[in-house]
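Structure record follows, encoded as structure tokens.
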Amino acid sequence: MPSDAPSDIPVFRRSRPTVADTISDSPMPDFISSPGLFVREQKPRPVGGFRGAIYKLTGGAWNLGPGAKQRQEDELARRISRQLQGSYNTAVLSLKGGIGKTSTTVGVGLTLAAYRGDAPCAIDANPDSGDLVERALGEGIYQQSSPRTITDLLKNIESVDSLTALAQYMHHAGRLHLIAGEQDPEVSDSLTAEEYLRIRRLVSSYYSVALTDCGTGVTHNAMSGILQSADNLVIAAGYAVSGAKRARSTLHWLASHGYEDLARNAIVVITDKDEVSSRVDKDAIEEHLAGICRELIAVPHDRGVADGDLVTLDVLKPETRRAYKEIAAAIVDGYR
């Protein structure tokens, strides 16, 4: 016959919780919203210079991280590649020819193409037989290709209902897509504001970033359409006090004709085409432009853009490529 169990036998309890108890009582970590809890943060890899050499020699064991110069370059790349919602247009204009307007359009366009995930488009709306495509492709290659122009696109614009159809009227310098200007002097000055706006509306369906090479002056036929559709402006100027005065006059004209926001947010680009930067008063130039534009960027003298020939990034000086990156970043910063 079983004996009665004592009623006062203590119940055994663990003095400390087990690992299983701790896990069951703790909230589950969120692997999606908190990935940093499970992945050790890695320093960016240094490229070039002393830091890059140490990284390479040690097989990555010593990672000093990027230096100040590389961090600045990475920040420029980040600004240029920012994802955009919608389509934006930057007009590049000047009051005087031969001061780097088209070379700036090509150089900045190629830079945008190099850093952005989406291909940019450049439109030659120069009424004076513009050479945008020749500067991007080289005159020989352009002449050997089927030289369709903005006039051809306008003639058949109603039938262009896809990017494939539009590509028949485009030229390509790598990932930079271009619409050539009209070369026939009898019709090159006939592009109207409404015709330009039709081109711009078509391009906006397929490209998030467009550059428009406007030609010289601000009063030719297409200019009102260009300014109406522009999200920001690049004003090209010569590297002299006279060039700064022209840029200032352009900005004042814009402000007095209903384009105050465009003038206030304009980027003035001063290109040293004739190696005159050492002979001019840079402070005087900056004084002429201070407070009436968003940013002033200088492009140094470079034979790669000074002789009116093909513009390719790989033959330019590092300082020139850097200036184009600064311009491209400032342009994208202005897209809001």
Item to check | Close side-chain approach of L202 to L153, heavy-atom, < 4.5 Å | outcome: yes
Next on the checklist: Going by ring pair (Phe, Tyr, Trp, His ring centres under 6.0 Å), name the residues that satisfy it together with Y169, two or more places apart in sequence or in a different chain.
Outcome noted: none
Item to check | Residues forming a salt bridge (charged side-chain N to carboxylate O under 4.0 Å, His left out) with D333, sequence neighbours excluded | outcome: R79
Next on the checklist: When you group the ILVMFWY residues by side-chain heavy-atom contacts below 4.5 Å and let the links chain together, are L313 and I327 in the same group?
Outcome noted: yes
Would you give me the side-chain donor-acceptor pairs under 3.5 Å for residues 230-237, sequence neighbours excluded?
from, atom 1, to, atom 2, distance (Å)
D231, OD2, N89, N, 2.8
N232, OD1, T90, OG1, 2.4
N232, ND2, I331, O, 3.0

Checklist entry - Rounded to the nearest 0.5 Å, what separation is found between the CD1 atom of I157 and the CG atom of L166? => result 9.0 Å
Checklist entry - So, does H252 use its side chain to make a donor-acceptor pair with the main chain of I292 at under 3.5 Å? => result no
Item to check | salt bridge (charged side-chain N to carboxylate O under 4.0 Å, His left out) evaluation trace for K325 with E75 | outcome: CA-CA 10 Å; K325 286 176 68 175; E75 175 62 12; over 6 Å; no
Next on the checklist: Whether the Y335 and S208 side chains hold a donor-acceptor pair (N or O, under 3.5 Å, no angle test) is what I'd like checked.
Outcome noted: no
Checklist entry - Hey, are the side chains of V269 and V92 touching, using non-hydrogen atoms and a 4.5 Å cut-off? => result no
Next on the checklist: Given 3.5 Å as the limit, does a donor-acceptor pair link the side chain of R198 with the main chain of L154, or not?
Outcome noted: no
Next on the checklist: A side-chain contact here means heavy atoms from C-beta on lying under 4.5 Å apart; do K101 and C214 qualify?
Outcome noted: no
Item to check | Hphob cluster co-occupancy, I99 + L254, side-chain heavy atoms under 4.5 angstrom | outcome: no
Checklist outcome for this item: With sequence neighbours left out, the residues meeting salt bridge (charged side-chain N to carboxylate O under 4.0 Å, His left out) with D118 are R116
Checklist entry - Where is the tightest heavy-atom contact between G225 and L197, given as atom of each residue plus distance? => result O-CD2, 3.4 Å
Next on the checklist: I need the minimum non-hydrogen distance between L176 and L178, along with the two atoms involved.
Outcome noted: O-CD1, 3.5 Å
Checklist entry - Looking only at atom types and distance, does a side-chain atom of Y206 sit under 3.5 Å from a main-chain N or O of S162, one as donor and one as acceptor? => result yes
Checklist outcome for this item: Between R294 and A330 the two heavy atoms that sit nearest each other are NH2-O, 3.0 Å
Checklist entry - Just how far is it from atom CZ of R321 to atom OG1 of T111, taken to the nearest 0.5 Å? => result 9.5 Å
Checklist outcome for this item: Heavy-atom closest pair (G174 atom, H177 atom, distance to 0.1 Å) is O-CD2, 4.4 Å
Item to check | Residues S87 and R200: side-chain donor-acceptor under 3.5 angstrom | outcome: yes
Item to check | Smallest separation among heavy atoms of A136 and A173, with atom names | outcome: O-CB, 3.7 Å
Next on the checklist: Within the 4.5 Å heavy-atom criterion, are P300 and T320 side-chain neighbours or not?
Outcome noted: yes
Would you tabulate the side-chain donor-acceptor contacts of residues 258-265 under 3.5 Å, counting partners in other chains and residues two or more places apart, or write 'none'?
from, atom 1, to, atom 2, distance (Å)
D261, OD1, R264, NH1, 2.6
N265, ND2, D261, O, 3.0

Checklist entry - Just by distance, do the side chain of K317 and the backbone of H301 share a donor-acceptor pair under 3.5 Å? => result yes
Checklist outcome for this item: Sorted by chain and residue number, the ring pair (Phe, Tyr, Trp, His ring centres under 6.0 Å) partners of Y115 (sequence neighbours excluded) come out as none
Next on the checklist: Within the structure provided, determine whether E195 and N221 are in side-chain contact (heavy-atom separation under 4.5 Å).
Outcome noted: no
Checklist outcome for this item: CG of D309 to CZ of R303, rounded to nearest 0.5 Å, is 10.5 Å
Next on the checklist: Testing L110, L112, V106, T105 one by one against V108 for a side-chain contact (heavy atoms from CB on, under 4.5 Å), which residue passes?
Outcome noted: L112
Checklist entry - With no hydrogens and no angle check, is any side-chain donor or acceptor of D213 less than 3.5 Å from a backbone partner on L132? => result no
Checklist entry - Any side-chain heavy-atom pair from V218 and H257 closer than 4.5 angstrom? => result no
Next on the checklist: Any side-chain to backbone donor/acceptor pair from R82 onto V332? Under 3.5 Å, distance only.
Outcome noted: yes
Checklist outcome for this item: Heavy atoms of D124 and G130 approach each other most closely as OD2-C, 3.2 Å
Checklist entry - Can any side-chain N or O of T312 pair as donor or acceptor with the backbone N or O of D314 at less than 3.5 Å? => result no
Checklist entry - To the nearest 0.5 Å, what is the distance between CG (L137) and CG (L310)? => result 8.0 Å
Item to check | Spacing of I267 atom CD1 and E295 atom CD [to the nearest 0.5 Å] | outcome: 6.5 Å
Checklist outcome for this item: To the nearest 0.5 Å, atom OG1 of T104 lies from atom OH of Y324 at 5.0 Å
